[in-house]
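A short write-up of the structure that comes next.
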Amino acid sequence: MKKNKVFLGYIFLKNINGILYPSYIQNRMNKEFIENHLNGKIYMSQNENMYSKNSIVLNSLITENNKIDGIVMLSVFHLPKQKKERLKIYNNFIKKKKSIFFVLENLSFFKKIDIEKIENSLIFTESFFT
């Protein structure tokens with residue numbers, strides 16, 4: 001029997017192009033995505049700390065030894081603003097052989113080649129678009 005993969009939901013109360021999704025909505029969307037699109041099990045959701053400029057929770061979820069196969073978050077806009085920090089996160093995901101899924105953009109990250117498509121979607125953070 002094939003074992004279902006286990007994913008963790010990641011919640012960040014940060015505007016996505018001017019829209020704030022409450023934590024219970026993000027949790028529900030993450031859970032539905034994991035169960036319906038990934039045919040996986042949701043481990044639990046973790047909230048990012050709003051008072052930090054760094055993605056402390058996200059970084060610890062990637063680097064600690066846990067039994068999750070990947071992380072599901074609402075949007076690529078929940079990644080750090082600084083490209084240097086995002087690259088560090090991508091590299092940690094590759095090193096730990098974990099994946100990231102972005103619900104709203106329907107994007108996923110598995111390997112280095114996926115970085116470009118995620119970075120290209122972040123062009124919409126520019127003030128021209130927001």
Side-chain angles (χ1 to χ4, degrees):
M1 187 169 136
K2 187 178 175 185
K3 181 184 160 205
N4 283 1
K5 291 191 175 190
V6 178
F7 298 93
L8 187 132
Y10 174 78
I11 295 172
F12 197 179
L13 293 176
K14 173 179 163 185
N15 286 337
I16 302 171
N17 286 336
I19 300 171
L20 179 63
Y21 292 86
S23 58
Y24 73 94
I25 296 292
Q26 290 185 49
N27 190 49
R28 182 179 297 158
M29 291 174 76
N30 288 343
K31 182 179 187 293
E32 287 177 5
F33 186 85
I34 291 167
E35 292 175 349
N36 298 332
H37 296 283
L38 301 177
N39 295 321
K41 293 182 181 178
I42 185 166
Y43 179 65
M44 65 171 44
S45 292
Q46 296 289 318
N47 291 332
E48 186 62 69
N49 300 315
M50 290 296 298
Y51 50 81
S52 175
K53 290 185 180 182
N54 300 317
S55 300
I56 297 169
V57 173
L58 182 58
N59 282 315
S60 68
L61 293 173
I62 301 165
T63 56
E64 69 184 26
N65 290 328
N66 53 40
K67 296 181 192 243
I68 63 168
D69 295 293
I71 293 176
V72 174
M73 63 179 72
L74 198 58
S75 175
V76 295
F77 295 109
H78 285 172
L79 291 170
K81 279 188 172 186
Q82 303 80 12
K83 186 170 185 173
K84 181 180 175 182
E85 289 298 312
R86 290 194 306 273
L87 291 174
K88 185 172 130 183
I89 286 171
Y90 300 143
N91 287 328
N92 283 333
F93 267 99
I94 291 168
K95 193 183 309 179
K96 292 289 189 168
K97 297 180 180 168
K98 296 183 186 216
S99 55
I100 315 173
F101 295 90
F102 305 97
V103 176
L104 294 178
E105 295 86 5
N106 197 26
L107 289 174
S108 55
F109 175 83
F110 295 99
K111 51 192 176 236
K112 202 168 198 159
I113 197 166
D114 297 328
I115 293 173
E116 186 177 353
K117 69 181 175 185
I118 293 168
E119 288 297 308
N120 286 341
S121 70
L122 288 168
I123 190 171
F124 297 109
T125 61
E126 299 299 320
S127 59
F128 175 78
F129 293 104
T130 58

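Since this is a predicted model, take the numbers as computed values, not measurements.
Under the 3.5 Å distance criterion, the side-chain polar atoms of E105 are left unmatched by any main-chain donor or acceptor of S121. Between the side chain of D69 and the backbone N or O of F7 there is no donor-acceptor pair closer than 3.5 Å. Of the possible polar contacts, none joining the E35 side chain to the I42 backbone as a donor-acceptor pair under 3.5 Å is found. Judged by distance alone, with hydrogens and angles left aside, the side-chain atoms of D114 form a donor-acceptor pair with the main-chain N or O of F110 at under 3.5 Å.
Using a 4.5 Å heavy-atom threshold, the side chains of N39 and N4 count as separate. Inter-residue side-chain proximity for Y21 and L104 is flagged as met; some heavy-atom pair is nearer than 4.5 Å. Side-chain atoms of F77 and N15, non-hydrogen and from C-beta on, never get closer than 4.5 Å to each other. A 4.5 Å side-chain heavy-atom check between R86 and I118 finds every atom pair outside the cut-off.
Relative orientation of the F33 and F101 rings is tilted, given thresholds of 30° and 60° on the angle between their planes.
If you take CG on N27 and CD1 on I11, they are separated by 4.5 Å, rounding to the nearest 0.5 Å. In this structure, the separation between CD1 on I89 and CD1 on I115 is 11.5 Å, given to the nearest 0.5 Å. A distance of 11.0 Å separates CD of E32 from CD1 of I34, quoted to the nearest 0.5 Å. Distance CD/Q82 to CG/L87: 11.5 Å, rounded to 0.5 Å.
More than 12 heavy-atom neighbours from other residues, nucleotides or ligands sit within 6.0 angstrom of CG on L20. Surrounding NZ of K117 are more than 12 heavy atoms belonging to other residues, nucleotides or ligands, all under 6.0 Å away.
Considering all non-hydrogen atoms of both residues, E119 and Y90 come closest at OE2-OH, 2.7 Å. Residues K14 and H78 share a closest heavy-atom pair of O-NE2, 3.7 Å. Heavy atoms only, all atoms of each residue included: G70 and K98 are closest at CA-CB, 4.4 Å. Closest of all the heavy-atom pairs between S23 and L13 is N-CD2, 3.6 Å. Taking all atoms of both residues into account, the shortest heavy-atom contact from S75 to I16 is CB-CD1, 3.6 Å.
Hydrophobic clustering (ILVMFWY, side-chain heavy atoms < 4.5 Å, transitive): I113 and F102 are in distinct clusters.
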- Is there a side-chain contact (heavy atoms from CB on, under 4.5 Å) between I100 and Y10 once you walk through the steps? CA-CA 10 Å; I100 315 173; Y10 174 78; over 6 Å; no

- Message: Could you go through M73 and L79, starting from their C-alpha distance and side-chain angles, then the distance that decides it, and tell me whether this counts as side-chain contact (heavy atoms from CB on, under 4.5 Å)?
- Response: CA-CA 9 Å; M73 63 179 72; L79 291 170; 4.3 Å; yes

- Audit row: M29, L74, side-chain contact (heavy atoms from CB on, under 4.5 Å) steps and yes/no: CA-CA 7 Å; M29 291 174 76; L74 198 58; 3.5 Å; yes

